[in-house]
Amino acid sequence: MENRVAQARAEIATSRHDVEHVVVAATQAGKFERLNELLDGRDLDGRDWLVILDDDVDLPRGFLDRFLAAAESAGLLLAQPAHRLRSHAAWDVTRRVPGALARETTFVEIGPVTAFARPTFGTLLPFPTGLRMGWGLDAHWSALAAEHGWPIGVVDATPVGHTLRAVAASYPRAEAIAEAQAFLDGRPYVTRDEVRTLRVHA
């Protein structure tokens, strides 16, 4: 299956940050099952951010440094880059807003790029067990962020392209919806009507 792994690796390598870039092949495990395997036993002490990239995302030049600088400037503890105009996006709030550096929102999605600041590690990591596609997890994260008073949001300064594969193109949508409904039952979550922009940083 075509991917953008090589391009992303080359782009991340240009960062001035001390970056540990881990790339692994897909297995029969779901995305978040696989991420938990990678996080198991890994020491995150001393790491300021954990950034998760899907294998089908196009990054702009200078992405990581600009993205983290904008997120930190806006005080975000859970962040994602905005989607470009023609990028496959499931949520309108994640579309790039021209003229904005970043926006504080009530929601950050599970991909194609998600960044977690160190204060969130103890609450959001490891990811809940039994999740394969991860739908609904972002709605739960967003509710937890509100409970903890964490600013979260979208960085418009570094819009990414998610055009290689449409959302849910590589797994059954009905199964993803059923998984989300089961996962969210009894857990706090942000509803679609509650997803909005709270503050714009220009």
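We're numbering straight along the sequence, starting at 1. Just so it is clear, the structure is predicted and the values come from calculations on it, not from any experiment.
Interatomic distance, Thr94 OG1 to Gln80 CD, rounded to the nearest 0.5 Å: 5.5 Å. Note that CG of Asp65 and CD1 of Ile12 are 9.0 Å apart. Values are rounded to the nearest 0.5 Å. Atom CG of Asn36 is separated from atom CG of Asp40 by 8.0 Å, given to the nearest 0.5 angstrom.
Panel note: side chain Asp43, backbone Asp45; a donor-acceptor pair is recorded below 3.5 Å. In this structure a side-chain-to-backbone donor-acceptor pair under 3.5 Å is present from Thr106 to Glu194. Between the Arg84 side chain and the Pro159 main chain, a donor and an acceptor come within less than 3.5 Å of each other. Distance alone, capped at 3.5 Å, places no donor-acceptor pair between the Ser73 side chain and the Ala69 backbone. Side-chain atoms of Asp138 come within 3.5 Å of backbone N or O of Ile110 as a donor-acceptor pair. The backbone N or O of Ile52 lies less than 3.5 Å from no partner atom in the side chain of Thr114, so there is not a single donor-acceptor pair.
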Solution key, residues 175-184 side-chain donor-acceptor pairs under 3.5 Å, sequence neighbours excluded:
unit_1, atom_1, unit_2, atom_2, d
Glu179, OE1, Met133, N, 3.2
Glu179, OE1, Gly134, N, 2.9
Glu179, OE2, Arg132, N, 2.8

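Of all heavy-atom pairs between Ser15 and Val19, the closest is OG-CG2, 4.0 Å.
By the 6.0 Å contact criterion, CZ on Arg187 is enclosed, its count of non-hydrogen atoms from other residues, nucleotides or ligands being greater than 12. Counting non-hydrogen atoms of other residues, nucleotides and ligands closer than 6.0 Å to CZ of Phe127 gives a total above 12.
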Show the numbers, then the answer: is there a side chain to side chain contact (heavy atoms under 4.5 Å, CB included) between Leu78 and Trp150? CA-CA 8 Å; Leu78 178 64; Trp150 297 335; 5.8 Å; no
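There is a path of hydrophobic side-chain contacts, each under 4.5 Å, that joins Val57 to Trp49.
Within the structure, every pair that satisfies the side chain to side chain donor-acceptor pair (under 3.5 Å) test and touches residues 96-105, not counting sequence neighbours, is listed here: Arg103-Asp156, Arg103-Thr197. Note on residues 115-125: pairs passing side chain to side chain donor-acceptor pair (under 3.5 Å), not counting sequence neighbours, are Asp48-Arg118.
Aromatic ring orientation, Phe32 versus Trp141: perpendicular (interplanar angle above 60°, classes split at 30° and 60°). Between His83 and His162, the ring-plane angle classifies as tilted under the 30° and 60° cut-offs.
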